[in-house]
Amino acid sequence: MLNDRLLVSLDAAAGERRSSAGIVIPATAAVGKRLAWADVVATGQHVRQVEVGDRVLFDPEERAEVELEGATYLLLREKDVHAVAAPGSAGAGTGLYL
């Protein structure tokens, strides 16, 4: 990876989702501007705030897809990342916090 680029893989659960009532909403359903989570696979040498293994929140419209060894990844700039999920405080174990 070069400069400020990130190579990320989308979450497997990014397709269908369920409403609070249990109704399945297909991935093709039109929704307003919705951000997506992904896992960082590789980073460029000028990336400062994201590390390999982090979960990042980004706008799916600002991306480029690339296929490597049969797997599809997304290529992002560090400036396109809206948030990095980090584990909660040690001992709490309640999940992810922004």
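We're numbering straight along the sequence, starting at 1. Owing to the predicted nature of the structure, the values given are computational and were not obtained by experimental measurement.
- A pairwise comparison of heavy atoms in Ala42 and Val52 identifies CA-CG2, 4.0 Å as the closest pair.
- Annotation: side chain to side chain contact (heavy atoms under 4.5 Å, CB included) contacts of Glu61 (sequence neighbours excluded): Lys33, Asp59.
- The salt bridge (Lys or Arg N to Asp or Glu O under 4.0 Å) search around Asp80 returns none, not counting sequence neighbours.
- Between Leu74 and Leu10 the shortest side-chain heavy-atom distance falls below 4.5 Å.
- The line from CH2 of Trp37 to NE2 of His82 is 11.0 Å long, rounded to the nearest 0.5 Å.
- For Val47, the side chain to side chain contact (heavy atoms under 4.5 Å, CB included) partners two or more places apart in sequence, or in a different chain, are Leu6, Thr43, Val50, Glu78.
- Using a 4.5 Å cut-off between side-chain heavy atoms of Ile, Leu, Val, Met, Phe, Trp and Tyr, Leu7 falls into a hydrophobic cluster with Met1, Val41, Val66, Leu68, Tyr73, Leu75.
- A search for salt bridge (Lys or Arg N to Asp or Glu O under 4.0 Å) contacts involving Glu65 returns Arg63, not counting sequence neighbours.
- Asn3 contributes atom CG, which lies 5.0 Å from atom NE2 of His46 (distance to the nearest 0.5 angstrom).
- Shown here are the side chain to side chain contact (heavy atoms under 4.5 Å, CB included) partners of Asp39, two or more places apart in sequence or in another chain: Ser9, Asp11, Arg55.
- Residue Gln45 qualifies as enclosed at atom CD: its count of foreign heavy atoms under 6.0 Å is above 12.
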